[in-house]
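Worksheet: one structure, shown below.
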Amino acid sequence: MRIGVDIDDVIAECAAPYLRAFAKEFGVDLGDGTLGWPLLDSFTQIPKQKKDEFRMNLYDGTFFSELECYPGCTDALPRLVAAGHEVHFITARSERRRRITAEWLERKGLLRHAASLQLKPIGDFVPRSYDSSGSGEYKAAVARRLELDRFCEDDPIIARRLVDERVPVFLFDRPWNGDLAHPLVHRVRDWDEVVRELVPEHPGAQRA
Ligand SMILES: [Mg+2]
């Protein structure tokens, strides 16, 4: 199978360090709950323009080079490849982030397992805010071009767009995607679950 794999919040832990940096910048309290993207919307005292400026400045710095991998993905990717699957990293990060993204994947030992790394082309219109529906269009186009059989994703709007394209999605369980249910959406807790689904000889797999 050809498998598309999102990077942020699927391979790289992104939301929690983002929110911690955000809290430090604006002096807000993150509370004791899980650090998920919806928490950003709760800080209504900070103007949207300030939030967007923060995001662009953070992304222009070292943020992407300092992220941690989710546990399990460094084991899962080589297993998927060994089982004959083809892995493509497909991120809505801008093409101008290719170098920082490729270097990070290389440093984490992940790049060598991938057949390609796809980033969003620098177009005429670059949204200043995070744009799920534009990213969904982009990933749907890549899924068509690469004839993907599966996609690993966390964003519910992007996942919804992919299943509309008839691409089944492994949706990584995150605090911001609990509402999405669809016959082509297979919710997973972690990378081990993806391996169990796609690698039949996995030691944990049920045998007849
Ligand atoms: Mg993501």
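Here the structure is a predicted model, which is why all the values come from computation and not from measurement. One-based numbering, in listed order, for ligands and for the atoms of each.
- Under a 3.5 Å cut-off, the side chain of Tyr138 and the backbone N or O of Leu119 do form a donor-acceptor pair.
- For the Mg ion (ligand 1), the set of nearby N, O or S atoms under 2.8 Å includes none belonging to Glu153.
- Inspection of the Arg98 and Gln118 side chains reveals no N or O donor paired with an N or O acceptor under 3.5 Å.
- The nearest N/O/S atom of Asp8 to the Mg ion (ligand 1) is O.
- For Asp154, the N, O or S atom with the smallest separation from the Mg ion (ligand 1) is OD1.
- Distances from the Mg ion (ligand 1) to the N/O/S atoms of Asp6 are shortest for OD2.
- Remark: Arg93 is positioned above the aromatic ring of Phe64, its terminal NZ or CZ atom under 6.0 angstrom from the ring centre and at most 45 degrees off the axis.
- For Trp176 and Asp154, the side-chain atoms include at least one donor-acceptor pair closer than 3.5 Å.
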